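Every value quoted in this text rests on a predicted model; they were computed, and no experiment measured them. Proteins get letters first, then strands, A, B, ... in listed order; numbering begins at 1 in each.
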Number of protein chains: 2
Amino acid sequence: MAPIKSDLPQGTLDLLMLQVIALGPVHGYAIAQRLEQVSRGVVQVPEGSLYPALHRLENRGLLAADWKETETGREAKFYRLTRKGLKQLETETADWQRLIDAIGLILGMADGGAQ
Amino acid sequence: MAPIKSDLPQGTLDLLMLQVIALGPVHGYAIAQRLEQVSRGVVQVPEGSLYPALHRLENRGLLAADWKETETGREAKFYRLTRKGLKQLETETADWQRLIDAIGLILGMADGGAQ
DNA sequence: TTCTTATACCTCGTGCTTCTATGCATTAAC
DNA sequence: GTTAATGCATAGAAGCACGAGGTATAAGAA
């Protein structure tokens, strides 16, 4: 039996990562932890999704990276948002809002039940 | 006219279709129109996505279909929700709520901004 | 030293969903 | 009988998430 998994819908991962990185430079490993914490465990990002996404975003010019030392004395790649990335974040956030709004209309259209 | 980009996240199409079908038997063509109308044009489902999804859902036992005549006198395949489909709809709706809730937490966590 | 654990990075292959493009059949209008 | 709208369907390609695996460093335990 397949355990119930709440996978992230395709496309939303980029948005969430941009949001976390917008708060300040972080390295990949920390991004995943941050997402999991803030979402109270609902959003979990395995590394097999994380790093390809990071490279994808960097490749599109939305992120820039520098190697720095972490508090634990390790070298890590710290990502930060570029100007283009910030713009993308704003656009995608607006799109997301509009979309869940529309979906809300659809999901609520039936309902006698209100609530 | 700014083109409205629908680009549904993966997995949500099934949910939306289940919801529309839950309201009563409809044929595929009408499902797409209904989704577009109710979402005010935000959600657009091309036929190349629609019919495969329909078959996928039927294949999983969530939908059942009968050929009937439309008001225009044409034969069309009317889909309806099975018991299993209804259950799936409820589950997916709950999952969706939990997810956009979590994403809302993440998107709202920063906000320095203020537009 | 060596082993283990935790941190931190990365890639490949698989599978699923979606989109673009296209074709076929039927009905109504001309 | 040709055109347009309706209605169903498939094929090919592209994109994305994920699991499994690999590398390397630091710190503490044996």
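Judged by closest nucleotide on DNA chain D, L54(B) is the one of L54(B) and V45(A) placed further toward the 5' end. The residue among R56(B) and A30(A) whose nearest nucleotide of DNA chain C lies closer to the 5′ end is A30(A). Heavy-atom nearest nucleotides on DNA chain C were determined for E71(A) and for G11(B), and the one closer to the 5' end corresponds to E71(A).
Protein atom CE of M17(B) is 9 Å distant from nucleotide atom P of dT18(C), rounded to whole Å. With rounding to whole Å, E69(B) atom CD is found 17 Å from dT6(D) atom P. dC12(C) atom P lies 17 Å from atom CG of L50(A), rounded to whole Å. Note: NZ (K68(B)) to C1' (dG7(D)) measures 16 Å, nearest angstrom. As rounded to whole Å, 22 Å separates atom P of dG15(C) from atom CG of L8(A). Between the OH atom of Y51(A) and the P atom of dC9(C) there is a distance of 4 Å, given to the nearest Å. Whole-Å rounding puts the W67(A) CH2 to dA24(D) P distance at 13 Å. Rounded to an integer number of Å, the gap from N59(B) CG to dC16(C) C1' is 14 Å.
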Checklist entry - Which letter, B, S or -, goes with each nucleotide of nucleotides 22-30 of chain C from 5' to 3', with contact meaning a protein heavy atom under 4.0 Å? => result ---BBS---

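Residue pairs meeting the salt bridge (charged side-chain N to carboxylate O under 4.0 Å, His left out) criterion with at least one member in residues 57-72 of chain A, sequence neighbours excluded: D14(A)-R60(A), D66(A)-R80(A).
Using a 4.5 Å heavy-atom threshold, the side chains of L63(B) and T82(B) count as separate. The closest side-chain heavy-atom distance from L57(A) to M17(A) is below 4.5 Å. For the pair L8(A)/L99(B), a side-chain contact is recorded, criterion being any heavy-atom separation below 4.5 Å from C-beta on. A heavy-atom distance below 4.5 Å is not found between the side chains of T70(A) and E75(A).
Side-chain nitrogen and oxygen atoms of T70(B) include at least one within less than 4.0 Å of the OP1 or OP2 phosphate oxygen of dG7(D). Regarding contacts with the backbone of dT10(D), a side-chain N or O of H55(B) is found under 4.0 angstrom from either OP1 or OP2.
The shortest heavy-atom contact between A22(B) and L81(B) is CB-CD2, 3.6 Å.
With H27(B) as the partner, the ring-ring contact (aromatic ring centres under 6.0 Å, His included) test is satisfied by one option alone out of Y51(B), W67(B), F78(B): F78(B).
For D14(B), the listed nucleotide lying nearest its side chain is dT18(C); candidates were dC8(D), dT18(C), dC10(C). For H27(A), counting side-chain heavy atoms from C-beta on, the closest listed nucleotide (dA8(C), dC18(D), dG7(D)) is dA8(C). Between dT20(C), dG19(D), dC8(D), one nucleotide has an atom nearer to the side chain of P46(A) than all others, and that is dG19(D).
As judged by a 4.0 angstrom heavy-atom cut-off over every strand, G48(A) is placed among the base-contacting residues. Nucleic acid contact for L13(B): sugar-phosphate only, since backbone atoms but no base atoms lie under 4.0 Å from a heavy atom of the residue.
Here the side chain of S39(A) pairs a donor or acceptor atom with the backbone of L35(A) at under 3.5 angstrom.
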